[in-house]
Amino acid sequence: MRKPKQYELAIIAHDAKKAEMVQFINKNKALLLAENIKIIATGTTGGKVEQIGVKVKKMLSGPLGGDAQIAARVAEGKTKMVLFFKDPNSSHPHEPDISMLIRICDVHNIPLATNEATAQLLLDALSID
């Protein structure tokens with residue numbers, strides 16, 4: 001896979017998965033600190049990731065529209081991959097926004113990982129020369 005000049009990656013995590021996301025990002029920090037990778041995130045997730053020294057452009061928090069902001073960036077062709085660590089055991093009041101984001105990724109053929117195993121496969125694909 002040829003790396004684009006600037007590769008925008010979105011990260012989102014439900015509250016029960018935020019620690020897992022931070023740990024995942026920390027584990028992949030060397031790849032994610034590459035100058036051609038730009039990370040965007042929903043507000044709270046982004047704030048937690050910034051604490052480990054990874055630069056993130058923060059959108060609104062998910063319940064306030066951050067999922068929708070990221071979906072818009074996918075639709076505009078700006079975001080090329082979404083890592084969304086969903087909590088499958090809880091319902092969320094902004095579920096329509098989550099469903100919309102997943103649908104937009106499908107419509108625009110954008111890779112979307114909803115768990116760590118799939119996210120790792122996607123990031124590993126970025127590092128293939």
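- If you take CE on M59 and CD1 on I12, they are separated by 10.0 Å, rounding to the nearest 0.5 Å.
- Taking every heavy atom of both residues into account, T79 and A10 meet most closely at CG2-CB, 3.8 Å.
- Going from atom CG of D67 over to atom CD1 of I104 covers 12.5 Å, rounded to the nearest 0.5 Å.
- Of all heavy-atom pairs spanning L123 and L31, the tightest one is O-CD2, 3.4 Å.
- Counting all heavy atoms, side chain and backbone alike, D87 lies closest to H14 at N-ND1, 2.9 Å.
- A distance-only check finds a donor-acceptor pair linking the side chain of N115 to the backbone of T118 [under 3.5 Å].
- The minimum heavy-atom distance between L33 and G53, with the atom names listed, is CD2-O, 4.1 Å.
- Between the CE atom in M81 and the CG atom in L112 there is a gap of 10.5 Å [rounded to 0.5 Å].
- Here the side chains of L122 and L9 are not in contact, with every heavy-atom distance at 4.5 Å or above.
- Within a 6.0 Å radius of NZ in K57, other residues, nucleotides and ligands contribute 12 heavy atoms or fewer.
- The distance from the CG atom of N28 to the CD atom of Q23 is 11.0 Å, given to the nearest 0.5 Å.
- Contact record, K55 with I39: O-CB, 4.0 Å, taken as the closest heavy-atom pair.
- If you chain together hydrophobic residues whose side chains sit under 4.5 Å apart, V56 and I52 fall into the same group.
- Taking 4.5 Å as the limit, every side-chain heavy atom of F85 sits out of range of all side-chain heavy atoms of T45.
- Closest non-hydrogen pair, K17 versus P88, comes out as CE-CD, 4.2 Å.
- The CD1 atom of I11 sits 5.5 Å away from the CE atom of M21 when rounded to the nearest 0.5 Å.
- In this structure, OH in Y7 is found 5.0 Å from CG in L126, a value given to the nearest 0.5 Å.
- At distances below 3.5 Å, at least one donor-acceptor pair connects side-chain atoms of K80 with backbone N or O atoms of G77.
- A salt bridge links E50 with K58: at least one charged nitrogen is closer than 4.0 Å to a carboxylate oxygen.
- Side-chain N or O atoms of Q69 include one that pairs as donor or acceptor with a backbone N or O of L60 at under 3.5 Å.
- At least one donor-acceptor pair closer than 3.5 Å links the side chain of K18 to the backbone N or O of A13.
- Remark: N109 CG is loosely packed, at most 12 non-hydrogen atoms of other residues, nucleotides or ligands lying under 6.0 Å away.
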